[in-house]
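This is a predicted model, so every value here is computed, not measured.
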Amino acid sequence: MLVPVSNYRLRFVFMHASISRRFAGLALTLLGAIVSAPALSAQSATLGIFDGQQDVGTILHPGSAAYDASTGTYTLTDSGDNIWWAEDDFHYVWKKVSGDFSLGADIALPGTGGEPHRKAVIMIRQTLDQDSAAVAIAVHGDGLTSLQWRLTKGDNMHEVQANVKTPATVRIEKHGDYFSAFVTGADGKVGPSGAATKVEFTGPFYVGIGVCAHNKDAVQHAAFSNVRFVPLTSAIGEPVLVSALETIPIDSTDRHVEYVAAAHFEAPNWTRDGSALIFNQDGRLRRLTLGASEPTIIDTAPETHLNNDHGISPDGTMLAFSDTSDPDHSSRVYIAPIGGGTPRLITPVGMSFWHGWSPDGKTLAFTGTRNGNPDIYAVPAAGGAETRLTTAEGLDDGPDYSPDGEWIYFNSERTGRMQIWRMEPDGSSQQQVITDDKNDWFPHISPDGQWMVFLAFAADVKGHPPEKDVALMLMSMADKKVHVLTKLFGGQGTINVPSWSPDSKRLAFVSYELLPADSLAH
């Protein structure tokens, strides 16, 4: 630290130094610069890369932060009720920045027992207000690690939970309005957690680290080491696609990553016993037992070019799927045992895409293009003649049966916008179910008949392309009220097929991220 020179010492220098007036003037200039130079603030010296600290929200026991330069460790202490809902109460050490960046740290949350949801965070905030828009990676006392976000001031928090607990290292990256969470995996390497979100921050914002006791009467410590803040410039080269297989309960917004990989996979089905998810990747079906680290391949050879249209029979013993392995590469519908085996061809005519299985197991509904017209057809599961069910102009797609077998729900663009419709199984009584300002796809009714989920694209999006901001919408079948279940980056592959859990309490879907290659290299 620079120490101001006293007036006495200045007088001493110029009374006793044998220098010319010219050099005395130069000396005065230099010493004057020393005297006027600002001293380094004690706060900056003790906060490492950060500029400030404070309690955010309502804190009963004021928090503190200390920085040990010899070890590069920050130790934070605070009480605080929570970092959740529309209000945050915690101690925050921050710096104000703009642009894209990476912020990572090794986090230790000492102590056992106590509040399982006490947490240490790395966080971005628009302001230091208690209810500010924010994005954070939170490591909880019980090991739960999640990406949390509040879209706008006063909104409630949402989260995506990682499928690892108490990772040694966490990192958050901002690329435009998109935020991605990275964690240490089972292999000891830091990689994408599969948790990502979109939050718009304007102008400069705050980035930093924080701690919350999750108990206004308690005090919690947290240690942050190897804290790294790196401004990011424009990425070079093609981005890497990362897919995340997620589940979400319909009575909350707490999403959970079941499986994540730098690969392209799509369209999960939930097995009838609730133990596993089936999805397609690289032309093959894969089965992920919930809680397992890796999926296993379901052998459907010689059909090995499957697309994202597949599903499970009502009795849970068979799979229906669409495949393009034939020499003409035209999609056809097949049936095979659920554990794998030689498939049986159901639709000899190409450009056929499976979507629904009747509750009695006797009939399949599919989208078929015949003479250039894409419509909905039915065909016996045992094989036989197909029956055309829709004839309207434009695309009719995504047919799925209601659990009572009385209706087929589907999406149609016959009104000029893709909307949700339904009809009786013979194609009669076609009627519009949803009328809104979005393009709506792939309706699926819950097994208990109480809910319908569908995928909503923006009004200006044509078709159901990948890599779009979309929303999973939930409609109550009792009162027809619709609300957003969650928003994500997805589209094609997110929820093309039935993906309800057997108890009607959860949904499975796929979200995506486009990450710079160097984000996956360290």
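- For Phe509 and Phe279, the ring centers sit 6.0 Å or farther from each other.
- Both tests hold for Arg414 against Trp421: distance to the six-membered ring centre under 6.0 Å, angle to the ring axis within 45°.
- The aromatic ring centroids of Phe50 and Phe229 lie 6.0 Å or more from each other.
- Salt-bridge annotation for Arg284 and Asp299: present, with a side-chain N of the basic residue lying under 4.0 Å from a carboxylate O of the acidic one.
- Not less than 6.0 angstrom separates the ring centroid of Tyr409 from the ring centroid of Phe454.
- Under 4.0 Å is where a charged nitrogen must lie from a carboxylate oxygen, and between Asp469 and Lys198 at least one such pair does.
- Within a 6.0 Å radius of NZ in Lys481, no more than 12 heavy atoms belonging to other residues, nucleotides or ligands are found.
- The backbone N or O of Gln450 lies less than 3.5 Å from a partner atom in the side chain of Ser446, making a donor-acceptor pair.
- Relative to the six-membered ring of Phe182, Arg171 meets both conditions, a distance below 6.0 Å and an angle of at most 45° to the axis.
- Between Asp131 and Lys153 a salt bridge is recorded (basic side-chain N to carboxylate O distance below 4.0 Å).
- Of the possible polar contacts, none joining the Thr289 side chain to the Ala292 backbone as a donor-acceptor pair under 3.5 Å is found.
- Between His464 and Phe442, a ring centre-to-centre spacing shorter than 6.0 Å is recorded.
- For an aromatic pair to be called close, the ring centres must be under 6.0 Å apart, and Phe366 with Phe353 fails this.
- A side-chain donor-acceptor contact under 3.5 Å links Lys480 to the backbone of Met477.
- Look at Arg150 and Asp88 and you find a salt bridge, because one of the NZ, NE, NH1 or NH2 atoms lies within 4.0 Å of a carboxylate O, short of that distance.
- Remark: the backbone N or O of Ser352 is paired with a side-chain donor or acceptor of Ser331 at under 3.5 angstrom.
- Side chains of Ser79 and His61: a donor-acceptor N/O pair is absent below 3.5 angstrom, by distance only.
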